[in-house]
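Nothing here was measured: the structure is a model prediction, and the numbers come from that model. Residue numbering restarts at 1 for every chain, and letters A, B, ... go by the order of the sequence lines.
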Number of protein chains: 2
Amino acid sequence: MFTETIMSQRPGFVSAIADTTPPALSLQALFSKQAVETFEGGSAVFWEGDSARHVFEVVEGVLRVFKITGDGHRVITGFIYPGDLLGVSLKDRYLYTAEAVTKTKLRRFTRRRFQEEINQSPELRPQLFARLCDEMAAAQDQMVLLARKSAEERVSSFLLVIARRLSSDQLAQPIVEIPMTRLDMADYLGLTIETVSRTMTKLISAGVIAPSGRHSVIVRKPAKLARLAGEGDDDDKQTWDQASIQQAIWPQ
Amino acid sequence: MFTETIMSQRPGFVSAIADTTPPALSLQALFSKQAVETFEGGSAVFWEGDSARHVFEVVEGVLRVFKITGDGHRVITGFIYPGDLLGVSLKDRYLYTAEAVTKTKLRRFTRRRFQEEINQSPELRPQLFARLCDEMAAAQDQMVLLARKSAEERVSSFLLVIARRLSSDQLAQPIVEIPMTRLDMADYLGLTIETVSRTMTKLISAGVIAPSGRHSVIVRKPAKLARLAGEGDDDDKQTWDQASIQQAIWPQ
DNA sequence: CGCATTATTGATTGATTTCAAAGAGTGTGG
DNA sequence: CCACACTCTTTGAAATCAATCAATAATGCG
């Protein structure tokens, strides 16, 4: 099971990822020493209930993380993007199945080794904690979405979140990549595939988004999208001085 | 801001709580040195967005933790019971409002002090991690509930969870205390108060539960309740007599 | 005891699901 | 290069579950 020795190590590759992190020892720097493994789209990294032997960092690609309910429904609890950690449950069994949506590259540590590293580094610990807290915050937002939002609000929220996630990477692009299928979206948003499809169509008809291939859309009216997503949108003036950035990302 | 000096310390009080914890230094032992504060039912401990200055441990009582959506809906993301921690977000702002459901007793640390203690203790750290992971697991279960379960499944799941939670405290009691109101339940389960009420009535008519005052019910058919909750329970014997009730509630 | 709050019950509406079918995109092999 | 099979997506019509609207009942508090 120790597949991390399969590929050659690429120490010089670190800087491209770790540039933005101030401390000498970051989680990303830690993982950067590990070998990169590749998973084809659709393949599972681990299964719910598996003995939790490894912790992963996503280098490239997108994964879905899900549970199967008693009556066979799939509930996707999150999507994992490059830079995110995967499998950081302190339980000894994975809480969910992780599956590659697209072709994915990962680095892994054994849980034991990872815990040692974390324990020995006062620098790493707060970073890991921060990750867990981000995950918790995301989970809570998702609970709000599932508990009270309409189909239109759910889909809009989803598009908005992935649009913003991308914006930090590839700035000034109104094109939002949607690597996952409609079924993935449905199982993430607590809707059926038909409702997702209908809602997308509705957003397109309303001119909020425009189709741009099957796995991407162009956000045409980001302010309206935010309003539909049910954000506290009294006004969107005072947020940042970098309103110019927002305009650059989403030119109206 | 060091409000923990307000009340007198009660070192002798520890044992009653800390008896069950093996290690010399447990989270509960840590908190046990702090003064106890009381919050009346309905009063807020902190608000979403407040500067996150303290971490709390619940000594007694139940709290609700919630967010308010853009359109004014309240979404309760969890209930906090004695022994649980509150406010362990590593963010510098609280992610949610915490409000006492019943009269509640808490102990608190400043965040700074708490982090120091955690950082200096290799014994405490895994305990805190385990708590966070339990919280995460609960959040995921809640996402599953909200994403795919019917009203009946939601209410049944809720009753089952609090029944099991109580069982560790006050054993061998099929009487489940429900300290929260129907509105609390509704806002937690992503339903309306009417639907919760109707579903409870339905469960009563079906003989699954029996009313026992407004804030408690008797679980008469725990196996059926588990089935209605959508748990993967392939086998289920009929369970009318008291002995099998207890077995079914607490199988382990 | 009366009033405010909380809970139940009933009737109706409506959003989303379900069922059904057709259309679009992708890859394969002849 | 095209036909075929497959999957994924869109669209339509009907059914359903929970929300909403409305009224009554129970509880608890001063």
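- When rounded to the nearest whole Å, the span between CE of A:Met200 and C1' of C:dT16 equals 18 Å.
- A salt bridge is defined here as a Lys NZ or Arg NE, NH1 or NH2 lying under 4.0 Å from an Asp or Glu carboxylate O, and A:Glu231 with A:Arg164 meets this definition.
- Rounded to an integer number of Å, the gap from CZ of B:Arg154 to P of D:dA18 is 8 Å.
- Note: NZ (A:Lys202) to P (D:dT10) measures 15 Å, nearest angstrom.
- No side-chain donor-acceptor contact under 3.5 Å links A:Lys67 to the backbone of B:Gln140.
- Under the 4.0 Å criterion applied to side-chain N and carboxylate O atoms, A:Arg148 and B:Asp187 are assigned as salt-bridge partners.
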Identify every side-chain donor-acceptor pair in residues 207-215 of chain A under 3.5 Å, counting partners at least two apart or on other chains, and give the distances.
from	atom 1	to	atom 2	distance (Å)
A:Ser212	OG	A:Ser216	OG	3.3
A:His215	ND1	A:Ile178	O	2.8
A:His215	ND1	A:Met180	O	3.4

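- Of the charged side-chain nitrogens involved, at least one lies within less than 4.0 Å of a carboxylate oxygen, so that A:Asp184 and A:Arg74 count as a salt-bridged pair.
- Residues B:Phe46 and B:Tyr94 place their aromatic rings such that the two centres sit under 6.0 Å apart.
- Following rounding to the nearest Å, A:Met180 (CE) and D:dT9 (C1') show an atom-to-atom distance of 16 Å.
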Nucleotide N/O to protein N/O under 3.5 Å, stretch nucleotides 23-30 of chain D:
from	atom 1	to	atom 2	distance (Å)
D:dT27	O4'	B:Arg214	NH1	3.4

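- The backbone N or O of B:Glu153 lies less than 3.5 Å from a partner atom in the side chain of B:Ser157, making a donor-acceptor pair.
- For DNA chain C, the neighbouring residues in residues 181-198 of chain A, judged by any heavy atom under 4.0 Å, are A:Gly190, A:Leu191, A:Thr192, A:Glu194, A:Thr195, A:Arg198.
- In this structure, CZ of A:Arg148 is placed 10 Å from C1' of D:dA19, rounded to the nearest angstrom.
- A salt bridge does not link A:Arg107 with A:Glu37: none of the charged nitrogens is closer than 4.0 Å to a carboxylate oxygen.
- Straight-line distance from the CD1 atom of B:Ile178 to the P atom of C:dA7: 10 Å, rounded to whole Å.
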